[in-house]
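The figures that follow rest on heavy atoms only: side chains count, while hydrogens, waters and symmetry mates do not. Below, chains carry the letters A, B, ... as their sequence lines are ordered, and counting in each starts from 1.
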There are 2 protein chains.
Amino acid sequence: MAYRVAPLTRLIEQFEKLPGIGKKSAQRLALYILDQPKQESEAFVNAIIEAKEKIRKCSVCCNLTDEELCPICANNSRDQSIICVVAEPKDVIALERTHEFNAVYHVLHGCISPMDGIGPEQLCVKELLTRINAGEVNEVIMATNPTVEGEATAMYLSRLIKPLGVKVTRLAYGIPVGGDLEYADEVTLKRALDGRSEL
Amino acid sequence: MAYRVAPLTRLIEQFEKLPGIGKKSAQRLALYILDQPKQESEAFVNAIIEAKEKIRKCSVCCNLTDEELCPICANNSRDQSIICVVAEPKDVIALERTHEFNAVYHVLHGCISPMDGIGPEQLCVKELLTRINAGEVNEVIMATNPTVEGEATAMYLSRLIKPLGVKVTRLAYGIPVGGDLEYADEVTLKRALDGRSEL
């Protein structure tokens, strides 16, 4: 191509790396950034830098937070005896949208996937067992995605947790099988919470 | 919402400001950035900062470049006597994809739009007239989008340029009327170049 300006090309390539952003979208986003007033692009850059610096894992549930405890673990009105185990922070956001769940979460940051070389030691499993061993937990709800990896992770964890004398349940199959928890609507997620079954 | 982490919320809001990025996509992109290794997000941030710092307008054609002259104006094998006038840098990229045009461009950086308060003085019109007055130009091809604003801009410029004794042509309506130049395919754009008509 005759027309290549290195810094622009690099910016387009960076946008192309983002999930769901193709060649045309990357070009549009890069040109949009160049067209913005300087303070707008600085705000964008600073939001990235600030988020990368300040956001870390909650010391209890491993969800994303900018403090020692995430807002959910820090909330005393939440039932700390029921832990809902999810794969990703986005799943917490999805479940919170139902306004139906008043206990706490545990974020694994992935699912067991031997194909990708991800075993339990790469996930926040140790932290979950520490919480359960502390003895305040009555029930663990498995809310991983209804995929092969999600099911395998739920099965693996239930085998670890059941011997500790804690009830382990699974979200009901209100969630469309093979789908993604993030895209389930509020009603479906509420049904899935209500109809949870013991593993 | 019970679960709000300020730096994450701010990052999601920044992504939402981008064109074509909705709430769900903004959330996915923000969480993706947080999940990346630090050097990846630094490369992204640096690409934005570098592009904003280095990219400026070519001193001849006003297209985006990181040097005094853009690669097209600096290319001696290009016919400098024919200028193709476009509204935006993305239109140059689209026309260059045809590999059929071997002359030069002029980027207006917008179209005349009284509704948005954009008159000729907000566009790179003065720079175009300077080029034409230098006396080396035989033809000006109007390649603004076939929209109301694009047509008005082409008509306005042709009335300015024709009295200077320069041939003014318009891209043929091979481009779907009401469409966007950026999304025209290569063949349509080539037809439009071949069938250009005098204004």
Distance, nearest 0.5 Å, that separates CG of B:Leu18 from CG of A:Leu18: 9.5 Å

Enclosure of B:Lys23 NZ (heavy-atom neighbours >12, cutoff 6.0 Å): no

ILVMFWY cluster, B:Ile132 and B:Val60 together (side-chain gap under 4.5 Å): no

Close approach to chain B in residues 114-124 of chain A, criterion heavy atom under 4.5 Å: none

For A:Pro71 against B:Val5, the heavy-atom pair lying closest together: CD-CG2, 4.3 Å

Atom CZ of B:Arg56: over 12 foreign heavy atoms under 6.0 Å: yes

In one Ile/Leu/Val/Met/Phe/Trp/Tyr side-chain cluster, 4.5 Å: B:Leu29, A:Ile12: no

Flag side-chain contact, heavy atom, 4.5 Å: B:Ile93 against A:Gln27: yes

Best-contacting candidate, B:Arg10, B:Gln14, B:His109, against chain A by heavy atom pairs under 4.5 angstrom: B:Gln14

Under 4.5 Å from a heavy atom of chain B, the part of A:Glu67 involved: neither

B:Lys167 atom NZ: more than 12 heavy-atom contacts under 6.0 Å: no

Top contributor to chain A contacts, counting heavy-atom pairs under 4.5 Å, from B:Glu88, B:Glu13, B:Gln36: B:Gln36

Distance in Å, A:Ile21 CD1 paired with B:Arg28 CZ, rounded so as to fall on 0.5 Å steps: 7.0 Å

Chain B-proximal positions within residues 39-54 of chain A [heavy-atom distance under 4.5 Å]: A:Glu40, A:Ser41, A:Ala43, A:Phe44, A:Val45, A:Ala47, A:Ile48, A:Ile49, A:Glu50, A:Ala51, A:Lys52, A:Lys54

Cluster overlap A:Leu171 with A:Val166, hydrophobic side-chain contacts below 4.5 Å: yes

B:Leu34 versus chain A, the contacting section by heavy-atom distance below 4.5 Å: both

Value rounded to 0.5 Å, distance of CD1 in B:Ile55 from CG in A:Asp35: 12.0 Å

Co-membership, hydrophobic cluster, residues B:Val104 and B:Leu129, 4.5 Å side-chain: yes

Joint hydrophobic cluster, B:Leu164 plus B:Leu128, side-chain heavy atoms closer than 4.5 Å: yes

